[in-house]
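To start, the structure itself, in structure tokens.
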Amino acid sequence: MAKLKGVFKRFSQECETADKHPEKDLETRYYKVSFDKVYDEVKKYFSGEGYTISSESKDHGEIMITRLKSPKMFLIATVVSTRPMHTALDLKASTDQMVVGGAYPKLKEEIAACYQALAKEMREAEK
């Protein structure tokens, strides 16, 4: 039955991070920097080629991004200050496009790439 769930998950059109995610690489990331620093670094990362920032609300800590490369994706980055100099970042990626072999691996790959790039710019913290 677990293998069957894995097959269905592969074709899921949504992927998001969470504090206690069954997949270790999709857990919420925490950084030892201010809210503003994380928010600005996320904006900087998604201001690159192939992305458009659709909407943002610094008051709510959310940035909505459209990925223009195939497969096209819609991403939501949520930045939350948990305490001074301790900030959390959650990402959600979704697509409407059908992807041969399933969309979930591509969505997961996009989230992982963002986390890896941000890890080079900011120091990660424990939960």
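Just so you know, these numbers come straight off a predicted model, no measurement behind them.
- A salt bridge does not link Glu121 with Lys37: none of the charged nitrogens is closer than 4.0 Å to a carboxylate oxygen.
- When hydrophobic residues (I, L, V, M, F, W, Y) are linked wherever their side-chain heavy atoms come within less than 4.5 Å, the members clustered with Ile63 are Leu26, Tyr31, Val33, Phe35, Val38, Tyr39, Val42, Tyr45, Phe46, Tyr51, Ile53, Ile65, Met73, Leu75, Val79, Leu89, Leu91, Tyr104, Leu107, Ile111, Tyr115, Leu118, Met122.
- Looking at Glu56 and Lys43, their side chains come closer than 4.5 Å, going by heavy atoms from C-beta outward.
- Within 6.0 Å of atom CG in Asp19, more than 12 heavy atoms from other residues, nucleotides or ligands are found, so the atom counts as buried in its surroundings.
- Smallest separation of non-hydrogen atoms from Gln13 and Gln97: NE2-O, 3.4 Å.
- Enclosure of atom NZ in Lys58 by more than 12 non-hydrogen atoms of other residues, nucleotides or ligands within 6.0 angstrom is indicated.
- In this structure, CG in Asp25 is found 9.0 Å from CD in Gln116, a value given to the nearest 0.5 Å.
- Side-chain atoms of Thr78 and Asp90 form no donor-acceptor pair, as typed in the model, at a separation below 3.5 Å.
- When only modelled atom types and interatomic distance are considered, Ser54 and Thr66 share a side-chain donor-acceptor pair under 3.5 Å.
- How far OG1 of Thr95 is from CD of Glu14: 10.5 Å, rounded to the nearest 0.5 Å.
- The OG atom of Ser55 sits 11.0 Å away from the NE2 atom of His60 when rounded to the nearest 0.5 Å.
- Thr87 has its side chain out of reach of Lys32: every pair of non-hydrogen atoms, C-beta onward, lies at least 4.5 Å apart.
- Residues Ser34 and Met85 approach most closely at N-SD, 3.8 Å, considering heavy atoms.
- Looking only at side-chain heavy atoms (C-beta outward), Glu110 and Arg67 come within less than 4.5 Å of each other.
- Within the structure, salt bridge (Lys or Arg N to Asp or Glu O under 4.0 Å) pairs that include any residue of residues 69-86 do not occur (at least two apart or interchain).
- Identified under the ring-ring contact (aromatic ring centres under 6.0 Å, His included) test for residues 64-93, with sequence neighbours left out: Tyr30-His86.
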| said: Evaluate Glu124 against Arg29 for side-chain contact (heavy atoms from CB on, under 4.5 Å), listing each step before the verdict. | reply: CA-CA 7 Å; Glu124 288 193 39; Arg29 295 297 196 278; 3.5 Å; yes
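- For the pair His21 and Glu27, the minimum side-chain heavy-atom distance is below 4.5 Å.
- In this structure, Ala103 and Ser12 approach most closely via the heavy-atom pair CB-O, 3.7 Å.
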